[in-house]
Asks: 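Attaching a single structure in structure tokens format; questions to follow.
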Amino acid sequence: MAKILVSGLKPSGTLHLGNYLGMLKQAVVLQEKSYRRFYFIADYHSLTLKYKASEKAKEIFEMAVDALAAGLDPKKSTIFIQSHIKEHANLTWIFNNITSVGELTRMVEYKEKVAQGQVPNAGLLDYPVLMAADILVYKGEVVPVGEDQLQHLELSRTIARTFNNRFGKTFPEPKAILTKAPRIMSLADPKQKMSKSISRGCLFLTDSAKVIKEKVAAAQTDSHKEISYDPEKRPGISNLVLIYAELTNSSPIQLVKKFKGVGYREFKSELARVIDKEFKPFRENRKKLLANKSKVVKILEAGAKQARPVAEATMAEVRRKVGLI
Ligand code: AQP
């Protein structure tokens, strides 16, 4: 039987190159493999961060538009909005009772977000439990994610194991599918992950050719002259080389050879051209989808209709096993 694949995108801002190379590009490619796929827009997760209620609906809808524009195909994948399937929240509550608070407070992303000034609300702390429910409500076995989500995914595995031990075998222990670029760094600070919530240093999928050129030209590198790949010692240029490699299906080593004797300015200009070429079709698809909003609404409704019976069946089984009537 085809393995079950689950992943999500949080509508907390515009998609960036990190989201694309860490997860989305691979999600599109995986549509050609024999999985049963569930992709959702993680609107509940986005409420854990500071946000403006008047802008949230637009953000959620546009994240769905962006996922479709990047190539997620409703004929191959079930695409829907997280909060439209109430079982995500229901299962979170069950999982809350088998998860230790100590483990949640040790999550690196929680600590980072609080250090960045996010309110340490219970939702932010509970984020990884909701993530476990997102995956396990579909009995997900594989999860395409970036490296930042690995610790959360490990907790999903722990939750699945704990539940199975206590209530009987119910859930698989989901595994990550990582890309060769699982952590793209900020263009402004190559020691920090590129993140939607820190827009400085982000290269957005919606950026025009001109903006891409300006941002890549301004990307922080170092005072060396030659192109090389050494993420530890030369994180700035290495981040750019990795981006180039991923977008051209080559390897950093091949690129270091190819650009021998070429200066940073010329390399950056070439990289900007490669990025723009990759994202041009995305920008065009996005424009078309935004002009046909009812089509997107229908796709999301159809996706929820496909996802709901699967989630309901899991929740019915869980209710029985934990002793609810
Ligand atoms: N910098 C990154 N490099 C590689 N992969 C990344 N991902 C995120 N940042 C990078 C992966 O992209 C997928 C979608 O991410 P998300 O929407 O679930 O939210 P996130 O992981 O919290 O991403 P951001 O951009 O950092 O958002 P904010 O700032 O709002 O928290 C995930 O698979 C993620 O691993």
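Atoms within a ligand are numbered from 1 in the order they appear, just like the ligands themselves. The first residue of the sequence shown is numbered 1, and numbering continues consecutively from there.
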Asks: Among all the protein's non-hydrogen atoms, which is closest to atom 29 (O) of ligand 1, and how far away is it?
Replies: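 Among all protein heavy atoms, the one nearest atom 29 (O) of ligand 1 is Ser197 OG, 2.4 Å.
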Asks: Has Arg183 got a side-chain atom pairing as donor or acceptor with Glu147's backbone, closer than 3.5 angstrom?
Replies: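 Such a contact is absent between Arg183 side chain and Glu147 backbone.
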Asks: Below 4.0 Å, non-hydrogen atoms only: which portion of Ala42 touches ligand 1? Side chain, backbone, both or neither.
Replies: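 None of Ala42 does.
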Asks: Let's go through Glu59 and Tyr51 carefully: what are the C-alpha distance in whole Å and the side-chain angles of both, what is the deciding distance for side-chain hydrogen bond (donor to acceptor under 3.5 Å, both in side chains) to 0.1 Å, and is it a yes or a no?
Replies: CA-CA 10 Å; Glu59 252 175 1; Tyr51 71 97; over 6 Å; no
Asks: Considering heavy atoms of the protein only, find what lies nearest to atom 17 (O) of ligand 1 and give residue, atom and distance to 0.1 Å.
Replies: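 Nearest protein contact, heavy atoms only, for atom 17 (O) of ligand 1 is Lys196 NZ, 2.6 Å.
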Asks: Tyr138 pairs by ring-ring contact (aromatic ring centres under 6.0 Å, His included) with which of Phe40, Tyr39, Phe80, Phe171?
Replies: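 Only match with Tyr138 under ring-ring contact (aromatic ring centres under 6.0 Å, His included): Phe80.
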Asks: Could you tell me which atoms of ligand 1, counted from 1 in the order shown, lie closer than 4.0 angstrom to a heavy atom of Gly22?
Replies: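 Every atom of ligand 1 under 4.0 Å from some heavy atom of Gly22: 4 (C), 5 (N).
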Asks: Counting heavy atoms not belonging to Lys213, are there more than 12 under 6.0 Å from its NZ?
Replies: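 Open: at most 12 neighbouring heavy atoms sit under 6.0 Å from NZ of Lys213.
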Asks: Considering heavy atoms of the protein only, find what lies nearest to atom 8 (C) of ligand 1 and give residue, atom and distance to 0.1 Å.
Replies: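 Protein heavy atom with the smallest distance to atom 8 (C) of ligand 1: Asn19 ND2, 3.2 Å.
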Asks: In the protein, which heavy atom is nearest to atom 22 (O) of ligand 1, and how far is it?
Replies: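 Looking at atom 22 (O) of ligand 1, the protein heavy atom closest to it is Lys10 NZ, 3.2 Å.
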Asks: Decide yes or no for Ile4 and Tyr35: does some side-chain heavy atom of the first lie under 4.5 Å from some side-chain heavy atom of the second?
Replies: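 Ile4 vs Tyr35: side chains apart.
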Asks: If we only consider heavy atoms of Asp148, is any one of them less than 4.0 Å away from an atom in ligand 1?
Replies: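 Under 4.0 Å: yes for Asp148.
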Asks: For Met185 and ligand 1, answer yes if some heavy atom of the residue is under 4.0 Å from a ligand atom, otherwise no.
Replies: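 Contact absent.
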Asks: Quick one: sort the Tyr127 and His152 rings into parallel, tilted or perpendicular, breaks at 30° and 60°.
Replies: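 Ring orientation, 0 to 90° scale: tilted.
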Asks: Can you find an N/O atom of Val145 closer than 3.5 Å to an N/O atom of ligand 1?
Replies: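 No.
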Asks: Could you tell me whether Leu24 approaches ligand 1 through its side chain, its backbone, both or neither, with non-hydrogen atoms closer than 4.0 Å?
Replies: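 The answer is neither; Leu24 stays 4.0 Å or more away.
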Asks: Taking 4.0 angstrom as the limit, do Glu214 and Lys210 come out as a salt bridge?
Replies: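 Yes, this pair counts.
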Asks: When you measure from atom 13 (C) of ligand 1 to every protein heavy atom, which one gives the shortest distance, and what is it?
Replies: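 For atom 13 (C) of ligand 1, the nearest protein heavy atom comes out as Met23 CB, 3.7 Å.
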Asks: Below 4.0 Å from ligand 1: does a non-hydrogen atom of Glu109 turn up there or not?
Replies: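 Distance cut 4.0 Å: Glu109 passes for ligand 1.
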Asks: Which atoms of ligand 1 have any heavy atom of Met194 under 4.0 Å away?
Replies: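 Counting from 1, the qualifying ligand atoms are 1 (N), 2 (C), 9 (N).
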Asks: I'd like to know whether CZ of Arg166 has more than 12 heavy-atom contacts from other residues, nucleotides or ligands below 6.0 angstrom.
Replies: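 For Arg166, atom CZ is not crowded (no more than 12 foreign heavy atoms under 6.0 Å).
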Asks: May I ask whether Gly13 places a heavy atom under 4.0 Å from ligand 1?
Replies: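 False for this residue.
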Asks: With a cut-off of 4.0 Å, which atoms of ligand 1 are near a heavy atom of Pro182?
Replies: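 This gives 3 (N), 4 (C), 5 (N) as the contact atoms.
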Asks: Is there side-chain contact between Phe61 and Ile41, with at least one heavy-atom pair below 4.5 Å?
Replies: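 Side chain of Phe61 against side chain of Ile41, heavy atoms only: no contact under 4.5 Å found.
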Asks: What protein heavy atom sits nearest atom 30 (O) of ligand 1, and how far off is it?
Replies: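 Atom 30 (O) of ligand 1 sits closest to the protein heavy atom Ser12 OG, 2.6 Å.
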Asks: Starting from atom 31 (O) of ligand 1, find the nearest protein heavy-atom neighbour and note its residue, name and distance.
Replies: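 Result: Lys113 NZ, 2.7 Å.
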Asks: Of Ile299, Asn285, Leu290, which meets side-chain contact (heavy atoms from CB on, under 4.5 Å) against Val65?
Replies: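 Among Ile299, Asn285, Leu290, the one that satisfies the side-chain contact (heavy atoms from CB on, under 4.5 Å) with Val65 is Leu290.
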Asks: Ligand 1 and Tyr127, any nitrogen or oxygen pair closer than 3.5 angstrom?
Replies: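 In fact, backbone or side chain, Tyr127 has no N or O that close.
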Asks: Measuring only between side-chain heavy atoms, which start at C-beta, is Leu47 closer than 4.5 Å to Lys56?
Replies: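 They are in contact (side-chain heavy atoms under 4.5 Å apart), so the answer is yes.
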Asks: Is the closest N or O pair between Leu9 and ligand 1 shorter than 3.5 Å?
Replies: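 It does not: no N or O of Leu9 is found under 3.5 Å from an N or O of ligand 1.
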Asks: For atom 6 (C) of ligand 1, what is the nearest protein heavy atom, given as residue, atom name and distance?
Replies: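 Of the protein heavy atoms, Gly18 O, 3.5 Å lies nearest.
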Asks: Show me which atoms of ligand 1 lie under 4.0 Å from any heavy atom of Ile184.
Replies: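 Listed by number with element, the hits are 1 (N), 2 (C), 3 (N), 4 (C).
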Asks: Is the shortest heavy-atom distance from the side chain of His224 to the side chain of Tyr264 under 4.5 Å?
Replies: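 Yes, their side chains come closer than 4.5 Å.
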Asks: Using a plain distance cutoff, I'd like to know if His16 has any nitrogen or oxygen under 3.5 Å from a nitrogen or oxygen of ligand 1.
Replies: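 Yes: some nitrogen or oxygen of His16 is under 3.5 Å from one in ligand 1.
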Asks: Counting neighbours of CD on Gln151 that are heavy atoms of other residues, nucleotides or ligands and sit closer than 6.0 Å, is the number greater than 12?
Replies: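 Enclosed.
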Asks: Is the shortest side-chain N to carboxylate O distance from Arg283 to Asp66 below 4.0 Å?
Replies: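 So Arg283 does not pair with Asp66 through a salt bridge.
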Asks: For ligand 1, which atoms, with element, lie under 4.0 Å from some heavy atom of Leu49?
Replies: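 Checking each atom against Leu49, I get 30 (O).
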